[in-house]
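First up is the structure itself, then whatever we jot down about it.
Worth knowing before you read on, the calculation uses all heavy atoms, side chains too, and leaves out hydrogens, waters and symmetry mates.
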Amino acid sequence: MYTLVMVNRNFTVLRGGFGDSLENKQKHFISAYVTDTRLMGVLAVYAAWSISDTDGTPDPAGDLHQFFYIDCEEAGLETYKGLRGNFGHEAVSVEQSLVGGLGAEKIKLTERELRGILSFWRAFNDNRGLPLPEGYEDYSFVLTPEVIFSDREYFDVMNHICPDITHDYQLVNYFLMRCFGRDYEAAYLLTEACRDGHSECIFPLNLYDNYVKATFCRNVIDVEKRYGDGSVSYLCESLVEMNGEYDSVVSKVVVKDLSVIGFEHCSRFHVSSTEAAMMLGKSEYITLYDVLLSEEEVEDNIGEFTIGFNAIMSRHEKGRMFMSFKPTNSHVNERIFMLSNDVRGVFYLTDSLQLVVSAYSARDICELEKMLTESPLGPYLMENDKYEFREPVLLEFVRSGMEYFDDFVDLITE
């Protein structure tokens with residue numbers, strides 16, 4: 001029998017700045033990590049510092065916890081969150097909001113590696129005239145003095161923050177993702193030239209430089225030819241979205257020994273929104289529950305969705321959505337890559353205390369149901385109904401403003 005967990009509400013307040021209290025304090029490095037998601041185009045960095053007075057007396061506010069979010073394509077060093085005290089519920093919530101959707105491993109950093117990574121991305125912002133995130137007075141000490149990596153240090157750090165390449169499909173998907181994102185530094189890391197220590201590729205990486213803030217939605221890989229030297233040429237049809245418009249782009253990527261040795265643009269044609277929706281369409285499996293808790297009990301246990309199910313919460317007119325992500329980025333290692341395949345499923349908790357659970361496969365919906373049953377919330381959920389739809393409907397329900405999913409189903413089936 002499960003017991004409902006009633007969460008203590010003695011929160012530590014997240015402050016916008018600790019500048020006055022930190023300026024004349026000693027900061028002693030405790031630990032840090034970075035996610036191994038460089039090839040996805042984003043990084044999350046965490047650092048912990050012990051704070052004390054100049055005489056060594058520990059600061060009563062406790063340790064400093066810092067979280068940074070880096071957009072490697074456009075925004076650079078984009079987000080900073082800091083808080084003081086123990087690594088409790090608030091820190092876990094901040095970490096979940098920044099790291100939960102990345103499918104990442106956490107790679108430990110030395111203090112020099114931490115300072116070098118943040119200095120590198122601070123320079124990225126400076127070179128492009130991009131603002132640094134708010135709270136600079138709280139993290140400026142990490143950037144002062146600036147740490148510039150040697151070439152050896154740089155490539156050691158790159159090996160840390162890039163996942164191991166184990167298959168051609170994974171290599172090709174990451175390579176095209178970085179090229180369409182105009183992230184040529186990361187694309188170069190996947191080439192034979194980088195592996196052999198050459199400073200430049202023999203083929204251009206910027207074939208798709210005309211795509212700005214584009215989304216790499218889908219990619220289908222087919223073998224064109226296998227060569228006697230062990231290399232393989234792949235034809236790739238990529239669905240790319242920019243400013244609400246879609247293109248289908250065909251490229252040739254030549255691979256040998258898990259490195260890219262050739263890259264060509266073959267063709268491109270416009271795709272209508274309707275055609276794109278068909279290409280991206282999936283079935284949707286939904287299980288509906290009634291929640292046998294009061295509103296206050298739900299609020300006290302809301303962390304079971306975010307932390308317990310590796311989910312990120314967003315608020316909507318009639319409820320809260322919890323998007324649960326898969327723990328790894330294994331979806332990149334597929335012949336047919338879909339950007340949305342990093343999502344394990346969605347929990348939508350309505351204000352009328354219905355819980356709508358959605359997934360794109362029968363396997364995933366069964367996994368989510370099992371997670372719910374085994375969670376502390378399990379005994380307080382009563383299964384109401386199950387549905388399978390040929391195309392996703394949950395978002396339409398969320399946008400409809402209706403309170404009960406079964407009423408929404410009655411409406412759309414009529």
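To the nearest 0.5 Å, the span separating CD on Gln170 from CG on Leu39 amounts to 8.0 Å. Here the CD atom belonging to Glu367 is positioned 8.0 Å from the OG atom belonging to Ser324, to the nearest 0.5 angstrom. Rounding to the nearest 0.5 angstrom, the gap separating the OG atom in Ser375 from the CG atom in Leu368 is 11.5 Å. Between Met382 atom CE and Leu292 atom CG the span is 5.5 Å, to the nearest 0.5 Å. In this structure, His331 NE2 and Ile336 CD1 are separated by 14.0 Å, a value rounded to the nearest 0.5 Å. One distance of note links OH of Tyr380 with CD of Glu297; it measures 7.5 Å at 0.5 Å rounding.
Aromatic ring centroids of Phe263 and Phe175 lie under 6.0 Å apart. For Tyr46 and Tyr69, the gap between ring centers reaches or exceeds 6.0 Å. For an aromatic pair to be called close, the ring centres must be under 6.0 Å apart, and Phe155 with Phe149 fails this.
Between the side chain of Asp407 and the backbone N or O of Met402 there is no donor-acceptor pair closer than 3.5 Å. Looking at Thr110, its side chain does come within 3.5 Å of a backbone N or O of Glu113 through a donor-acceptor pair. Listed for the Thr37 side chain is a donor-acceptor partner under 3.5 Å among the backbone atoms of Val42.
Residue Lys386 places its NZ atom among more than 12 non-hydrogen atoms of other residues, nucleotides or ligands, all under 6.0 Å distant. Within 6.0 Å of the CE atom in Met278, the count of heavy atoms belonging to other residues, nucleotides or ligands does not exceed 12.
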Q.
Pair His160, Asp36 - check side-chain contact (heavy atoms from CB on, under 4.5 Å), show working.
A. CA-CA 7 Å; His160 272 318; Asp36 65 339; over 6 Å; no
Q: Test Ser251 against Tyr208 for side-chain hydrogen bond (donor to acceptor under 3.5 Å, both in side chains), laying out the working first.
A: CA-CA 10 Å; Ser251 312; Tyr208 301 122; 2.6 Å; yes
Q: Walk me through it: do Leu288 and Leu355 pass the test side-chain contact (heavy atoms from CB on, under 4.5 Å)?
A: CA-CA 6 Å; Leu288 181 63; Leu355 179 63; over 6 Å; no
Q | Trace of the side-chain contact (heavy atoms from CB on, under 4.5 Å) decision for His28 with Gln26 | A | CA-CA 6 Å; His28 305 279; Gln26 293 186 20; 3.2 Å; yes
Q: Could you go through the side-chain contact (heavy atoms from CB on, under 4.5 Å) check for Tyr188 and Arg178 one step at a time?
A: CA-CA 9 Å; Tyr188 164 77; Arg178 295 301 91 229; over 6 Å; no
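Contact of the Ile30 side chain with the Trp49 side chain is not registered, since no non-hydrogen atoms from C-beta on lie closer than 4.5 Å. Proximity of Val45 to Phe67: side-chain heavy atoms (C-beta onward) are nowhere separated by under 4.5 Å. By the 4.5 Å heavy-atom criterion applied to side chains, Tyr169 and Glu334 are not counted as neighbours. For the pair Phe405 and Val393, the minimum side-chain heavy-atom distance is below 4.5 Å. Glu192 is not listed as a side-chain neighbour of Val260, based on a closest heavy-atom distance of 4.5 Å or more. Between Val409 and Phe389, the closest side-chain pair of non-hydrogen atoms falls below 4.5 Å. With a 4.5 Å cut-off on side-chain heavy atoms, Val291 and Leu349 count as touching. When side chains are defined from C-beta on, Glu237 does not count as touching Arg218, because their heavy atoms never get closer than 4.5 Å.
Between the side chains of Asp364 and Tyr285, no donor-acceptor pair is found at a separation under 3.5 Å. Remark: the His270 side chain and the Tyr246 side chain contain no N/O donor-acceptor pair separated by less than 3.5 Å. Checked by atom type, the side-chain pair Ser340/Lys282 shows a donor-acceptor distance below 3.5 Å. Between the side chains of Thr350 and Glu403, no donor-acceptor pair is found at a separation under 3.5 Å. Counting only N and O atoms by type, the side chains of Asp59 and Ser52 include no donor and acceptor under 3.5 Å apart. Side chains of Ser330 and Asn333: a donor-acceptor N/O pair is absent below 3.5 angstrom, by distance only. Side-chain contact check for Ser283 and Glu391: no donor-acceptor pair (N or O, by modelled atom type) lies under 3.5 Å. In this model, a donor atom of one side chain and an acceptor atom of the other lie less than 3.5 Å apart for Ser231 and Asp229. Checking Asn159 against Tyr154 by side-chain atom types alone, no donor-acceptor pair falls below 3.5 Å. For Tyr387 and Thr287, the side-chain atoms include no donor-acceptor pair closer than 3.5 Å. Ser93 and Glu90 are not linked by any side-chain donor-acceptor pair at a separation below 3.5 angstrom, with hydrogens and angles left out of the test.
Using a 4.0 Å cut-off between charged nitrogen and carboxylate oxygen, Asp63 and Arg84 do not count as a salt-bridge pair. Contact check on Lys256 versus Asp168 returns no salt bridge, with no Lys/Arg side-chain nitrogen under 4.0 Å from an Asp/Glu carboxylate oxygen. A salt bridge between Asp183 and Arg38 is present, with a side-chain N of the basic residue lying under 4.0 Å from a carboxylate O of the acidic one. Of the charged side-chain nitrogens involved, none lies within less than 4.0 Å of a carboxylate oxygen, so that Lys213 and Glu73 do not count as a salt-bridged pair. With respect to the salt-bridge test (charged N to carboxylate O, under 4.0 angstrom), the residues Arg335 and Asp222 qualify. A salt bridge links Lys252 to Glu224: at least one charged side-chain nitrogen sits closer than 4.0 Å to a carboxylate oxygen.
Of the options Cys179, Ser233, Cys236, a side chain to side chain contact (heavy atoms under 4.5 Å, CB included) to Val253 is made by Cys236 and by none of the others. For the side-chain hydrogen bond (donor to acceptor under 3.5 Å, both in side chains) test with Glu95, the passing option among His65, Lys81, Lys106 is Lys106; the others fail. Test Tyr348, Tyr289, Phe347, Phe408 against Val356 for side chain to side chain contact (heavy atoms under 4.5 Å, CB included) and you get one pass: Tyr348.
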Result block: side-chain N/O donor-acceptor pairs under 3.5 angstrom for residues 115-132, not counting sequence neighbours:
from: Arg115; atom 1: NE; to: Glu111; atom 2: OE2; distance (Å): 3.0
from: Arg115; atom 1: NH1; to: Phe141; atom 2: O; distance (Å): 2.8
from: Arg115; atom 1: NH1; to: Val142; atom 2: O; distance (Å): 3.2
from: Arg115; atom 1: NH2; to: Glu111; atom 2: OE2; distance (Å): 3.0
from: Ser119; atom 1: OG; to: Arg115; atom 2: O; distance (Å): 2.8
from: Ser119; atom 1: OG; to: Val147; atom 2: N; distance (Å): 3.3
from: Arg122; atom 1: NE; to: Asp126; atom 2: OD2; distance (Å): 2.9
from: Arg122; atom 1: NH1; to: Tyr136; atom 2: OH; distance (Å): 3.4
from: Asn125; atom 1: OD1; to: Leu77; atom 2: N; distance (Å): 2.8
from: Asn125; atom 1: ND2; to: Leu77; atom 2: O; distance (Å): 3.1
from: Asn125; atom 1: ND2; to: Pro131; atom 2: O; distance (Å): 3.1
from: Asn127; atom 1: ND2; to: Ala123; atom 2: O; distance (Å): 3.2
from: Arg128; atom 1: NH1; to: Phe124; atom 2: O; distance (Å): 3.4

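Considering all non-hydrogen atoms of both residues, Gly319 and Asp351 come closest at CA-OD1, 3.6 Å.
For Tyr211, the ring pair (Phe, Tyr, Trp, His ring centres under 6.0 Å) test picks out Phe180, with sequence neighbours left out.
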